[in-house]
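Below is one structure, written out as structure tokens, with a few remarks after it.
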There are 2 protein chains.
Amino acid sequence: MKGVAVENGASEAVGGGSNLSHRIETLLRERILKWSYPPGLHLGEIALCAEFKASRIPVREALRILAEQGLVDKVPNQGCFVKQPDVEETQQLYDMRLALELFVVESLASAGSLSLDWLKEQRVYWEPLLAVKADDTADRDALVDADTLFHFGLAEALGNQPICNALRDINARLRFVRLAAITNAHRIQETAGEHLAVLDALEKRDAEAARRSLRQNINHSRNKVELAIGRALMSVHKKRG
Amino acid sequence: MKGVAVENGASEAVGGGSNLSHRIETLLRERILKWSYPPGLHLGEIALCAEFKASRIPVREALRILAEQGLVDKVPNQGCFVKQPDVEETQQLYDMRLALELFVVESLASAGSLSLDWLKEQRVYWEPLLAVKADDTADRDALVDADTLFHFGLAEALGNQPICNALRDINARLRFVRLAAITNAHRIQETAGEHLAVLDALEKRDAEAARRSLRQNINHSRNKVELAIGRALMSVHKKRG
DNA sequence: GCTCGTGCCATTGTATACAATGATGTTATA
DNA sequence: TATAACATCATTGTATACAATGGCACGAGC
């Protein structure tokens with residue numbers, strides 16, 4: 001381990017990879033996802049070079065990757081801009097997620113290849129949340145992570161790498177919006193119920209029921225997120241005006 | 001300047017994008033897909049620099065993109081290698097394609113949003129192929145293109161950009177293998193029949209039937225490709241031995 | 001004969017520099 | 001005042017150069 005002597009003013013430890021490109025990429029992604037860089041912000045290569053005290057090469061690499069993942073927009077001769085939340089695109093990403101996950105649960109139900117340990121583990125997590133109280137200030141980040149683990153765990157159980165990768169990418173593009181997906185106690189209960197329904201169906205190897213429950217879950221989430229994007233855009237506009 | 005005696009006579013005009021990275025990327029992809037670069041071939045940055053008379057920067061970019069698309073493997077401290085056809089990965093890509101396309105036809109059938117023009121156009125193309133003769137030396141490339149257009153047309157009709165992009169990527173990764181998918185008259189007839197069945201189901205807005213026919217079509221294709229990969233690998237091994 | 005250390009080399013990451021392209025802003029003229 | 005030509009700047013693509021890391025082979029020592 002070597003001491004990382006070169007760091008920017010915000011000297012938070014960047015867990016990221018070993019090379020500078022990756023560190024910059026991680027930092028940028030973090031700031032974009034946390035809205036620390038507001039949507040529409042111009043990300044000039046030279047400005048970023050100054051900010052990270054790096055040359056253009058690593059910055060370019062980072063921007064390229066973020067552009068591929070859809071977190072920044074690359075306008076041909078003007079530079080990069082922090083992606084604006086886009087309702088239509090978000091809906092479409094949700095649809096793609098739905099497409100992949102429907103297939104996943106259908107396959108899992110047919111194959112019955114889901115480990116019982118995992119099923120139990122998920123049950124243990126979600127069942128208590130059926131009775132969550134309104135004023136329960138549950139850790140939202142933890143909930144979002146658990147939700148991710150639930151969905152991602154299904155995909156992993158199928159063992160299809162391309163599908164897992166695609167879902168990971170979709171998740172990255174949706175995450176800064178999904179923070180708003182689980183907002184209140186009602187939605188937490190609802191989510192828990194839907195997840196448990198999926199688990200039940202998988203255990204019974206009922207593919208149709210699994211598809212139905214999963215579709216319900218994702219569509220509910222999608223609807224919440226649509227509202228959240230509206231709010232977020234409004235707030236951004238307010239800040240600008 | 002080092003006199004590296006690498007002469008590629010391929011001075012053909014590369015239609016590709018305007019920048020060097022993109023041209024190199026296109027050339028490399030072409031050669032990999034055409035098996036002009038055999039699987040496992042080491043693609044050293046410096047060798048490629050010499051070959052394309054470019055500096056490392058564009059070459060790196062090209063290699064990176066190809067690595068992302070899965071056409072080359074990037075081994076941490078050894079460089080890039082032309083991807084070996086991988087039966088398991090191919091199967092998984094087919095599964096992912098199936099996942100996306102099942103959702104596409106299901107949605108299209110439910111929404112009934114497929115243009116009648118497109119339906120007719122596809123019918124006109126595939127119906128004659130039901131009666132193709134054994135010795136009919138149809139243009140295989142044209143058939144593969146038509147097949148691609150059929151499947152891609154469905155996705156486009158749904159208008160979901162992320163799904164279209166994903167399918168395009170999958171196609172790129174499968175293409176050098178799919179050339180072997182439609183091999184004989186029997187399979188051509190079968191394919192035509194399956195496609196027409198999908199079209200019928202979509203016209204009747206029967207989502208289940210559409211899913212069934214599409215699944216059949218893709219699974220048949222998948223099976224053929226599995227055999228083709230086996231043959232290809234065998235041939236490569238023979239050449240090596 | 002086997003194992004371990006060392007030095008060389010390929011790969012990789014990064015920095016700096018230069019050319020070209022397209023956008024923007026300014027000024028001069030009608 | 002409006003428009004057109006021009007100057008300037010930001011972005012982008014590319015080249016060359018240097019540092020660092022890890023692998024591999026060769027040779028020395030046990």
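Letters go in sequence order (proteins before strands), and every chain restarts at 1.
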Collect all protein-nucleotide pairs involving nucleotides 15-17 of chain C in which both atoms are nitrogen or oxygen and the distance is under 3.5 Å.
| from | atom 1 | to | atom 2 | distance (Å) |
| --- | --- | --- | --- | --- |
| dA15(C) | OP2 | Ser55(A) | N | 2.6 |
| dA15(C) | OP2 | Ser55(A) | OG | 2.8 |

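Each of Asn77(A) and Ser21(A) was assigned the nucleotide of DNA chain C with the nearest heavy atom; the assignment lying further toward the 5' end belongs to Ser21(A).
Atom CD in Glu61(B) sits about 10 Å away from atom C1' in dT14(D), given to the nearest Å. Between Arg60(A) atom CZ and dT12(D) atom C1' there is a gap of 6 Å when expressed in whole angstrom units. As rounded to whole Å, 11 Å separates atom P of dT14(C) from atom CZ of Arg64(B). For the pair His42(B) NE2 and dA10(C) P, the computed distance is 10 Å after rounding to whole Å. One atom, CD1 of Ile46(B), and another, C1' of dT11(C), lie 7 Å apart when rounded to the nearest Å. Spacing between atom CD of Gln78(B) and atom C1' of dC9(C) amounts to 13 Å, rounded to whole angstrom units. The interatomic distance linking Glu45(B) (CD) with dT14(D) (C1') rounds to 15 Å, in whole Å. The NE2-P distance, from His22(B) to dT14(D), rounds to 11 Å in whole Å.
Arg64(A) has its side chain within reach of Ile65(B): a pair of non-hydrogen atoms, C-beta onward, lies under 4.5 Å apart. Two residues are said to be in side-chain contact when any heavy atoms from C-beta on lie closer than 4.5 Å; Arg222(B) and Arg97(B) fail this criterion.
Judged purely by atom type and a 3.5 angstrom limit, Thr148(B) uses its side chain to pair as donor or acceptor with the backbone of Val144(B).
Val75(B) comes within contact range of the sugar-phosphate backbone alone, with a heavy-atom separation under 4.0 Å but no base atom that close.
Ring geometry for His195(B) versus Phe150(B): interplanar angle under 30°, hence parallel rather than tilted (30 to 60°).
No side-chain donor from either of Asn171(A) and His151(A) sits under 3.5 Å from a side-chain acceptor of the other.
The number of heavy-atom neighbours closer than 6.0 Å to NZ of Lys120(A), taken from other residues, nucleotides and ligands shown, is 12 or below.
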